[in-house]
Amino acid sequence: MNDFIVDDIGALLGDTVSISEDDIRKNLELPKVREHGDFAFPTFFLARIMRMAPPKIAQEIYSRIADKLPFGCIESAEAAGGYINFKVSPQILSQKLLAEIYSEGEGYGFTNEGDGRNLTIDLSSPNIAKPFHVGHLRSTVVGSCLYRLFEKLGYNCIGINHLGDWGTQFGKLIVAYKKFGTEKLFEKEPIYALLDLYIRFHKEAAADPSLEDQAREEFKKLEQGDPEATEIWKRFYEYSLEEYKRIYSILNATIDEYTGESFYNDKMDDALELLERKGLTEISRDALIVNLEEYGLGAALLKKSDEATLYLTRDLAAILYRKNTYDFAKMLYVVGSAQALHFKQLFKIIELLGYEWHTDCHHIEFGWIKFGKEMMSTREGNIVFLNDVINRARELAKEIILEKNPDIEDAERAALHIGVGAVIYADLAVRRNHDINFSWEDALNFDGNTGPYLQYTHARLASLERKFEKEVTADIDFALLKEPEEKQLMLTLYRFPQKLKQAAEDYEPAVICGYLYELSQNLNSFYQKHRVITEDTALTNARMLLMRCVRTVMKEGLKILGLEPMERM
RNA sequence: GCCCCCGUAGCUCAUCCGGACAGAGCAUCUGCCUUCUAAGCAGAGGGUAGCAGGUUCGAGUCCUGCCGGGGGUACCA
């Protein structure tokens, strides 16, 4: 990665300040106001060491570097209040930066920190037999985004869908199916038939509590391998998976493995045995637990008093299986923050087992998606299906396309990409720890800070290259890129590697969203004010190189988010 | 009760691990399409950053308390 601007400032100040170049770099910041320059170095923290007022220090330092300027890519500097502000030379900036982006292409900004090691991501994980709703969206799109990001950082990612495909809810469904189900129900959209059965069950069970017992009984039969129950379960499983796979393909979800809870049924005994051998378990109130009181994590339940296992037991079996199978360098669980304690317990147990790799496991938590003031609940039927959201977004996008660009060749396809782009972006752009209020207005908005705006920006750039017709080359006169809008674009491009790094460190897709939005704003401001393709071939060539570099970054960024970089729209 | 998260413009969100007058979008209002895509651009209005203290040269950002919302807290996931 290239940090040449920051390096130059470090070298420039190195002799004049009694702190290390590393500390200089760490303190550099971006001024909020453009007039203050491109980079700023605050001197306040030196006041105590140098026993001087910050403005004096700034003056003092400035006077010592003044005759060295210009220095590297630093064109000028000035002391302003307690700051020293630096301006970067657009010519040197373009020369170094654009050449680098041009030659590195889609690799620009990425390091190879993963070095081919495995990284497993637990994502999506819906409960089988329930239609995919917007509440499932975040885990799916955040997980997929991190998957692509870490792939580009050299990891070999494995996306694991830990399906909720086991448990008493299947007993309920089987009871409901036997009592109220007909084959006709399943002829089309079987997943909604399953939902109806589920809702019906809860309605009937309110009047007749004995249904709950029947459900437990049916689930018990399923666990014991009863052929009829197994047959029904399998059908439901297939129906659900078919629907999920359809949705995953639309969302660009990255799933390699469908190993749900049922997959770990026969692997829990080994895990439990391991814990018992290490003396971690105890019996408390007739249940099998790991006592984590001394770590402030309460009691972790592994077996209920009736011997039944719990999801912690399955997750424990799963994490051991995954470590054993993949020997992962990192394991990410993209799961809502409601399960924070659960994962703290899980990771603590791994630590108590003596495994160092407990530090490689991370719970990537995120807030709820709410609808109106209510939590979404399948039972209550207070729910927005992802299918409906995607369909409405797609229809709206199609209307707009036909109005704005009626000649486009495949309007259906473009509409889907734009509609889905809006939906995905709306979810990724909010930092993970916030709850999201689902609103149709926001999900279907294509203006301003939205997915389609970014896609539109890319389409403009693609259009320029089509119009240009010639090969974009890096053999240009860099001195021609001297407009403030051009410099701003380059300064933003320069920061792409840092943003990727931050996004990866924080496991935070919103960092990339915010960055691409800013880059798009820069591009559109430039585009409005200046023409790219003109009679002036030298200037045209220079600007086309800049456009290519912006497009390279936009394209890679969009792909990481899971949005289609549109060629036309 | 205890633990965790959130509280910034009418609404939805940023604020670069403490820095210069807190920035965008949506909505409202005003301009800009015979020239590379107007899903765009330029501009206007709109703020006591929940409240009160504290640390600091400096706090939306860190600490304490309170208020409001959400989640978790042993046999759901």
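The analysis underlying the following values was restricted to heavy atoms, covering all of them including side chains, and did not include hydrogens, waters or symmetry mates. Lettering of chains follows the sequences in order, A, B, ..., and the numbering in each one begins at 1.
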Quantified in whole Å, what is the P atom distance between nucleotide B:rU56 and nucleotide B:rU73? 41 Å
Tell me what A:Leu301 touches on the nucleic acid: a base, only sugar-phosphate, or nothing, going by heavy atoms under 4.0 Å. base
When you get a sec, tell me which of B:rG25, B:rU15, B:rA20 is the closest nucleotide to the side chain of A:Lys32? B:rA20
Under 4.0 Å, heavy atoms only, any strand: does A:Ala40 hit a base, just the sugar-phosphate, or nothing? base
Out of B:rG25, B:rU37, B:rA14, which has the shortest distance to the side chain of A:Val430? B:rA14
Which whole-number value in Å describes the distance from A:Leu302 CG to B:rC76 P? 14 Å
Is any side-chain N or O of A:Arg431 closer than 4.0 Å to OP1 or OP2 of B:rC6? no
Quick one: is B:rU56 close enough that its OP1 or OP2 comes under 4.0 Å of any side-chain N or O from A:Arg48? no
Separation of B:rC13 atom P from A:Arg432 atom CZ, nearest Å, is 16 Å
Could you give the distance separating B:rG65 and B:rU28 at their P atoms, to the nearest angstrom? 44 Å
Identify whether any heavy atom of A:Ser305 sits under 4.0 Å from a base atom; if not, whether one sits that close to sugar-phosphate; answer base, sugar-phosphate or nothing. base
Syn or anti: how is B:rC33 classified when any glycosidic angle within 90° of 0 counts as syn? syn
Which whole-number value in Å describes the distance from A:Phe343 CZ to B:rA77 P? 13 Å
Output yes when at least one side-chain N/O atom of A:Asn433 is less than 4.0 Å from OP1 or OP2 of B:rC6, else no. yes
Which listed nucleotide (B:rC36, B:rC26, B:rC5) is nearest to the side chain of A:Ser463? B:rC36
Say you pick atom P in B:rC17 and the same atom in B:rU61; how far apart are they, in whole Å? 15 Å
Determine which nucleotide pairs with B:rC66, using a 3.5 Å limit on both distances of a Watson-Crick or G-U wobble pair. B:rG50
Rounding to the closest angstrom, what is the interatomic distance between B:rA49 and B:rC32 at atom C1'? 35 Å
Across the strands shown, which category fits A:Tyr517 at heavy-atom distances under 4.0 angstrom: base, sugar-phosphate, nothing? sugar-phosphate
Could you please name the partner base of B:rG43, counting Watson-Crick and G-U wobble pairs only when both distances are under 3.5 Å? B:rC29
The residue among A:Tyr258, A:Tyr311, A:Tyr333, A:Tyr264 that forms ring-ring contact (aromatic ring centres under 6.0 Å, His included) with A:His162 is A:Tyr264
For A:Ser284 and for A:Val33, locate the closest nucleotide of RNA chain B by heavy-atom distance; then report the residue assigned to the nucleotide nearer the 5' terminus. A:Val33
Mind calculating the distance between CG (A:Asn449) and C1' (B:rC26) to the nearest angstrom? 10 Å
Report which part of the nucleic acid A:His458 touches: base, sugar-phosphate, or nothing (heavy-atom distance under 4.0 Å, all strands). nothing
For a quick check of understanding: with a heavy-atom distance under 4.0 Å over all strands, which category does A:Ala459 fall into, base, sugar-phosphate or nothing? base
Below 3.5 Å, does any donor atom in the side chain of A:Asn85 face an acceptor in the base of B:rA20, or the other way round? yes
Rounded to whole angstrom units, what separation is found between the CZ atom of A:Phe170 and the C1' atom of B:rA77? 12 Å
Calculate the interatomic distance between A:Met50 atom CE and B:rC57 atom P; express it in whole Å. 18 Å
On the nucleotide B:rC41, are OP1 or OP2 found under 4.0 Å from the side-chain N or O atoms that A:Tyr453 carries? yes
Of all the choices, B:rA42, B:rU37, B:rG71, which nucleotide is nearest to the side chain of A:Ala338 once you look at every atom? B:rG71
Are A:Asn291 and A:Ser284 close enough that a side-chain donor and a side-chain acceptor fall under 3.5 Å? no
How far, in whole Å, is B:rG40 from B:rC26 if one measures between their C1' atoms? 16 Å
Can you say whether the rings of A:Phe343 and A:Phe347 are parallel (under 30°), tilted (30 to 60°) or perpendicular (over 60°)? tilted
Quick one about A:Thr450 and A:Asn445 (side-chain donor to acceptor, distance below 3.5 Å, no hydrogens or angles considered), yes or no? no
Do side-chain atoms of A:Asp165 reach the backbone of A:Ser262 as a donor and acceptor pair under 3.5 angstrom? yes
Check the distance between B:rA38's C1' and A:Ile401's CD1 and give it to me in whole angstrom. 16 Å
Taking the side chain from A:Gln455 and the backbone from A:His417, do they hold a donor-acceptor pair closer than 3.5 Å? yes
Listed nucleotide nearest any side-chain atom of A:Asp447, set B:rC41, B:rC36, B:rC26: B:rC26
Side chain of A:Trp368 (C-beta onward), nearest among B:rG71, B:rA38, B:rU12: B:rG71
Can A:Asp506 and A:Arg432 be counted as an ion pair, charged N to O under 4.0 angstrom? no
For A:Trp368 and A:Ala338, work out which heavy atoms get closest and say how close. CZ2-CB, 3.9 Å
Distance between C1' atoms of B:rA20 and B:rC2 (Å, rounded): 43 Å
Counting side-chain heavy atoms from CB outward, which of B:rU73, B:rC41, B:rU12 is closest to A:Leu341? B:rU73
So, is A:Arg314 close to the B:rA77 phosphate, meaning a side-chain N or O under 4.0 Å from OP1 or OP2? yes
Starting the side chain at C-beta, find the nucleotide from B:rA14, B:rA77, B:rC57 nearest to A:Gln339. B:rA77
Of all the choices, B:rG7, B:rC76, B:rU15, which nucleotide is nearest to the side chain of A:His434 once you look at every atom? B:rG7
Between B:rC36, B:rA77, B:rA38, spot the one nearest the side chain of A:Tyr456, thanks. B:rA38
Using a 4.0 Å heavy-atom cut-off across all strands, classify A:Arg568 as base, sugar-phosphate, or nothing. base
Nearest whole Å is fine: how far is B:rG69 P from A:Asn437 CG? 15 Å
Polar side-chain atom of A:Asn85 near backbone of A:Glu78 as donor-acceptor pair, under 3.5 Å: no
Check the phosphate of B:rA42 against A:Ser525, side-chain N and O only, distance under 4.0 Å to OP1 or OP2. Yes or no? yes
Any strand counts, and the cut-off is 3.5 Å on both contacts for Watson-Crick or G-U wobble. Which nucleotide pairs with B:rC13? B:rG23
Taking B:rA27 as the reference, what is the distance to B:rU12 when you measure between their C1' atoms (whole Å, please)? 11 Å
Give A:Gln345 one of three labels, base, sugar-phosphate or nothing, depending on what nucleic acid heavy atoms sit under 4.0 Å from its own. nothing
C1' atoms of B:rU64 and B:rG72, separation to the nearest Å: 24 Å
By nearest-nucleotide position on RNA chain B, the 5'-leaning member of A:Ala397 and A:Glu261 is A:Ala397
Donor-acceptor pair, A:Thr313 side chain versus A:Leu310 backbone, under 3.5 Å? yes
A:His342 stacking on B:rA77: centroids under 5.5 Å, ring planes under 30°? no
Under 4.0 Å, heavy atoms only, any strand: does A:Glu518 hit a base, just the sugar-phosphate, or nothing? nothing
Using Watson-Crick geometry (N1-N3 plus N6-O4 or O6-N4) or G-U wobble (N1-O2, O6-N3), each under 3.5 Å, B:rA74 is paired with none
With distance as the sole criterion, do the side chain of A:Ser125 and the base of B:rA77 form a donor-acceptor contact below 3.5 Å? no
